[in-house]
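Data block below; observations after.
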Amino acid sequence: MQRSISRVVFASSTAIALAAASASAQYINPTPYVGFNASSPFASLSFNSFFLENFEDGQFNTPFATPSPGWGVPGVSILDSVDEDDGSINGTGATGRSYYSNGTQNSLTITFSTINGSLPTHAGIVWTDVGQIAGAGGIAVGPVLFEAFGPGNVSLGVIGPFNLGDGFISGETAEDRFFGIVNLGGISAIRITMPTSTDWEIDHVQYGVIPAPGAATALGLLALGAASRRRRTTAR
Ligand SMILES: [Ca+2]
Ligand SMILES: [Ca+2]
Ligand SMILES: [Ca+2]
Ligand SMILES: [Ca+2]
């Protein structure tokens, strides 16, 4: 009896913590993406700090973000970048660069540290390709899940699975999809997962801070249009 009571108390306090952490969280379901200004729902917002990693310099090296181990930027033969990174939005990303699961990873977790004292309030990532799918011998189409975490690494929930991919593995870009999260309480990490593949790519990791009171408006992802200036750092 005592044990069951304490279990109930534990469950309800966990539920309260989850509700508090996710009260302001808003996921952005996958949307087509060909370039930052053309496609990112964050492009029109006014951030205090903002970073975009496009992998064109061959490294994941924007500050305040640490990827989980095992991923890398391929040399030349396995590339599926966001369309704009080769200098032209033309339906191919085959001569840009991307971040690859290396045949070993079915998820990528990016952990954020504080930027001038605040965790990011906005974070996004672009899924760009999948090759081999485990099991049925399928290729180039598979399920993708996205999860974000608030302060203390409390999950803000999972969206998906979304069945992504165009059936091709040659840098085509019509299949590319942005996933995002807005959480005014802060984002400690994001995770993208393909449960049935270790042969897939992402690009355009993007994150930044909009402090209150601007953040309250930004939650709707609209408004804020021409307002103040935006500082953006791009690693190239
Ligand atoms: Ca292109
Ligand atoms: Ca790229
Ligand atoms: Ca692609
Ligand atoms: Ca593809």
Side-chain angles (χ1 to χ4, degrees), residues 27-36 38-41 52-56 58-60 65-86 89-111 123-149 155-181 189-207:
Y27 278 94
I28 302 162
N29 282 328
T31 52
Y33 189 102
V34 296
F36 180 77
S39 309
S40 175
L52 170 64
E53 177 56 84
N54 62 16
F55 301 100
E56 297 306 307
Q59 299 181 65
F60 191 152
T66 304
S68 52
W71 287 69
V73 180
V76 289
S77 62
I78 312 170
L79 298 167
D80 203 320
S81 174
V82 159
D83 200 334
E84 73 174 356
D85 291 350
D86 58 8
I89 296 176
N90 58 356
T92 178
T95 58
R97 306 186 80 174
S98 54
Y99 209 42
Y100 177 55
S101 60
N102 262 335
T104 60
Q105 306 299 310
N106 59 23
S107 77
L108 171 67
T109 302
I110 299 167
T111 303
I125 191 168
V126 179
W127 180 97
T128 60
D129 195 38
V130 62
Q132 295 292 334
I133 304 291
I139 189 168
V141 180
V144 182
L145 300 114
F146 180 71
E147 181 172 18
F149 300 83
S155 178
L156 300 172
V158 180
I159 59 171
F162 300 95
N163 206 38
L164 300 187
D166 58 2
F168 301 103
I169 54 167
S170 304
E172 292 81 3
T173 58
E175 65 188 344
D176 300 352
R177 292 292 182 274
F178 174 94
F179 291 80
I181 178 77
I190 56 174
R191 176 177 296 156
I192 188 165
T193 302
M194 290 203 73
T196 57
S197 182
T198 57
D199 181 29
W200 54 293
E201 291 162 81
I202 63 91
D203 202 352
H204 280 217
V205 176
Q206 50 200 276
Y207 50 97

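Any value given below was found using the heavy atoms of this structure, including those in side chains, with hydrogens, waters and symmetry copies removed.
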Does the side chain of Thr196 reach to within under 4.5 Å of the side chain of Pro143, using non-hydrogen atoms?
yes
Rounded to the nearest 0.5 Å, what separates atom OH in Tyr100 from atom CG in Asp203?
15.0 Å
Above 12 or not: heavy atoms from other molecules or residues under 6.0 Å from CZ of Phe168?
no
Value for CD1 (Ile125) from CD1 (Ile190), rounded to nearest 0.5 Å, stands at 4.5 Å
Do Leu52 and His204 come within less than 4.5 Å of each other through their side chains, counting heavy atoms only?
yes
Not counting sequence neighbours, which residues clear side-chain hydrogen bond (donor to acceptor under 3.5 Å, both in side chains) with Tyr207? List them please.
Thr62
For the residue pair Asn106 and Ser101, establish whether any side-chain heavy-atom pair is separated by less than 4.5 Å.
no
Which pair of non-hydrogen atoms, one from Ala94 and one from Ser170, has the smallest distance, and what is that distance?
CB-O, 3.8 Å
Can you tell me if Thr128 uses its side chain to pair, donor with acceptor, with the backbone of Val82 under 3.5 Å?
no
Spell out, as yes or no, whether a donor-acceptor pair under 3.5 Å connects the side chain of Glu172 to the backbone of Gly91.
no
Rounded to the nearest 0.5 Å, how far apart are CZ of Arg191 and CZ of Phe179?
15.0 Å
CZ/Arg177 to OG1/Thr31 distance, rounded to the nearest 0.5 angstrom?
8.0 Å
Tell me whether Ser197 contacts the main-chain N or O of Gln132 through its side chain, where contact means a donor paired with an acceptor under 3.5 Å.
yes
Any donor and acceptor pair, going by atom type alone, linking the side chain of Glu147 with main-chain N or O of Ser155 inside 3.5 Å?
no
side-chain contact (heavy atoms from CB on, under 4.5 Å) against Thr111, all qualifying residues, sequence neighbours excluded
Thr109, Ala189
Does the side chain of Leu164 come within less than 4.5 Å of Glu175's, by heavy atoms?
no
Side-chain donor or acceptor of Tyr27 paired with backbone N/O of Gly157 under 3.5 Å
yes
Under the side-chain contact (heavy atoms from CB on, under 4.5 Å) test, which residues partner Val34, sequence neighbours left out?
Ala38, Ser39, Asp83, Ile89
Parallel, tilted or perpendicular: which fits the ring planes of Trp200 and Trp71, with parallel below 30° and perpendicular above 60°?
perpendicular
Under 3.5 Å donor-acceptor, Arg97 side chain and Leu79 backbone:
no
Any chance you could measure Ile192, atom CD1, to Ile110, atom CD1, to the nearest 0.5 Å?
8.5 Å
Hey, what do you get for CG (Asp85) to OG1 (Thr173), rounding to the nearest 0.5 Å?
11.0 Å
When you compare the side chain of Asn29 with that of Ile159, does any pair of heavy atoms fall below 4.5 Å?
yes
Of all heavy-atom pairs between Gly142 and Asn163, which one has the smallest distance, and what is that distance?
C-OD1, 3.2 Å
Quick check: does any side chain N or O of Asn102 sit under 3.5 Å from a backbone N or O of Thr104, one acting as donor and the other as acceptor?
no
Exam field: side chain Thr193 to backbone Pro195, donor-acceptor pair closer than 3.5 Å
no
Test item: Asp80 and Ile169 side chains (from C-beta on) under 4.5 Å apart, heavy atoms:
no
Run Gln206 and Phe178 through side chain to side chain contact (heavy atoms under 4.5 Å, CB included) and show every step you take.
CA-CA 10 Å; Gln206 50 200 276; Phe178 174 94; 3.6 Å; yes
Minimum heavy-atom distance Pro67-Tyr99, with the two atoms named:
CG-OH, 3.5 Å
Side-chain donor/acceptor of Glu201 to backbone N/O of Ser98, under 3.5 Å
no
